[in-house]
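Inspection log for the structure reproduced underneath, given as structure tokens.
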Amino acid sequence: QVQLVESGGGSVQTGGSLRLSCAASGYTSVTYRMAWFRQTPGEEREGVASILTRDGGTDYADSVKGRFTISQDNAKKTVYLQMNSLKAEDTAMYYCAASRLPLLSGGSWRSGNYYNYWGQGTQVTVSS
């Protein structure tokens, strides 16, 4: 089992920055990919960014490219999401997720079904 705990959420004004952290514990050596998702009430969970734990390869949703950066510190078993130039539409609950396996052919890192472990979430609120 892998446990994920997010932190770093909060309230910030438009244009501001936040850094989210996701601390992993347990059998973390089985994780293949880590990702950040976000969700607002009544909407589906949206993949924001992902990182491959072995080689650090990253992917981003178009809506956050150039503004968000995902990174990892393997020694600390922590994944980060640096969020800059925040907009009101970035307001959401942000979740950390981990998968054990590579994507199957035709699969998407943005699909929540691909992930085996989830954190409880941390709220990000961006206001003008």
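Atom set for the values below is all heavy atoms of this structure, side chains included, hydrogens, waters and symmetry mates excluded. One is the number of the first residue; the rest follow in order along the sequence.
Across all their heavy atoms, Thr122 and Gly9 have their closest contact at OG1-N, 3.1 Å. Contact between Ala98 and Thr31 at its shortest, heavy atoms only, is CB-CG2, 3.9 Å. Closest approach of Gln123 and Ala92 over heavy atoms only: NE2-O, 3.4 Å. Nearest heavy atoms, Ser17 versus Ser85: OG-N, 4.4 Å. Taking both residues in full, the closest heavy atoms of Leu4 and Ala24 are given as CD2-CB, 3.8 Å, listed atom of the first, atom of the second, then distance.
Between the side chain of Thr91 and the main chain of Val126, a donor-acceptor pair closer than 3.5 Å is present. Tyr114 places a side-chain N or O within donor-acceptor distance of the main-chain N or O of Leu101, the cut-off being under 3.5 Å. Glu46 places no side-chain N or O within 3.5 Å of a backbone atom of Gln39 that could act as its donor or acceptor partner. In this structure a side-chain-to-backbone donor-acceptor pair under 3.5 Å is present from Asp73 to Lys76. Between the side chain of Thr53 and the backbone N or O of Tyr32 there is at least one donor-acceptor pair closer than 3.5 Å. Using modelled atom types, no side-chain atom of Gln82 and backbone atom of Thr69 make a donor-acceptor pair closer than 3.5 Å.
With values rounded to the nearest 0.5 angstrom, Asn74 atom CG is found 10.0 Å from Arg54 atom CZ. Between atom CD1 of residue Ile70 and atom OH of residue Tyr80 there is a gap of 12.0 Å, rounded to the nearest 0.5 Å. Residue Ser11 holds its OG atom at 8.5 Å from CG of Leu18, rounded to the nearest 0.5 Å. Atoms CG and CZ, from Leu81 and Phe68 in turn, are 6.0 Å apart once rounded to the nearest 0.5 Å. A distance of 12.0 Å separates CD in Glu6 from OG1 in Thr78, rounded to the nearest 0.5 Å. To the nearest 0.5 Å, atom CZ of residue Arg67 and atom OH of residue Tyr60 are 12.0 Å apart.
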Stepwise salt bridge (Lys or Arg N to Asp or Glu O under 4.0 Å) check, Asp90 with Lys87: CA-CA 5 Å; Asp90 295 318; Lys87 306 175 182 179; over 6 Å; no
Going through the checks in order, is the salt bridge (Lys or Arg N to Asp or Glu O under 4.0 Å) test met by Arg33 and Asp59? CA-CA 11 Å; Arg33 182 190 295 267; Asp59 290 283; 3.4 Å; yes
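Within the cation-pi definition used here (under 6.0 Å to the ring centroid, within 45° of the axis), Arg38 does not qualify as a partner of Tyr95.
Hydrophobic clustering (ILVMFWY, side-chain heavy atoms < 4.5 Å, transitive): Trp109 and Trp118 are in one cluster. At a threshold of 4.5 Å between side-chain heavy atoms, the hydrophobic network of Ile, Leu, Val, Met, Phe, Trp and Tyr places Val48 and Val12 in one connected group.
Between Val2 and Val30 the shortest side-chain heavy-atom distance falls below 4.5 Å. Taking 4.5 Å as the limit, every side-chain heavy atom of Tyr117 sits out of range of all side-chain heavy atoms of Gln3. Taking the side chain as every heavy atom from C-beta outward, Leu20 and Val124 approach each other to under 4.5 Å. Residues Met34 and Cys96 form a side-chain contact, since some pair of their non-hydrogen atoms from C-beta on lies under 4.5 Å apart.
With 3.5 Å as the limit, one finds no donor-acceptor pair spanning the side chains of Asn116 and Ser99.
Crowding of Glu44 atom CD: a count of heavy atoms from other residues, nucleotides or ligands under 6.0 Å not exceeding 12. Gln120 CD: 12 or fewer foreign heavy atoms inside a 6.0 Å radius.
Ring pair Tyr115/Phe37 is perpendicular by interplanar angle, where above 60° counts as perpendicular and below 30° as parallel.
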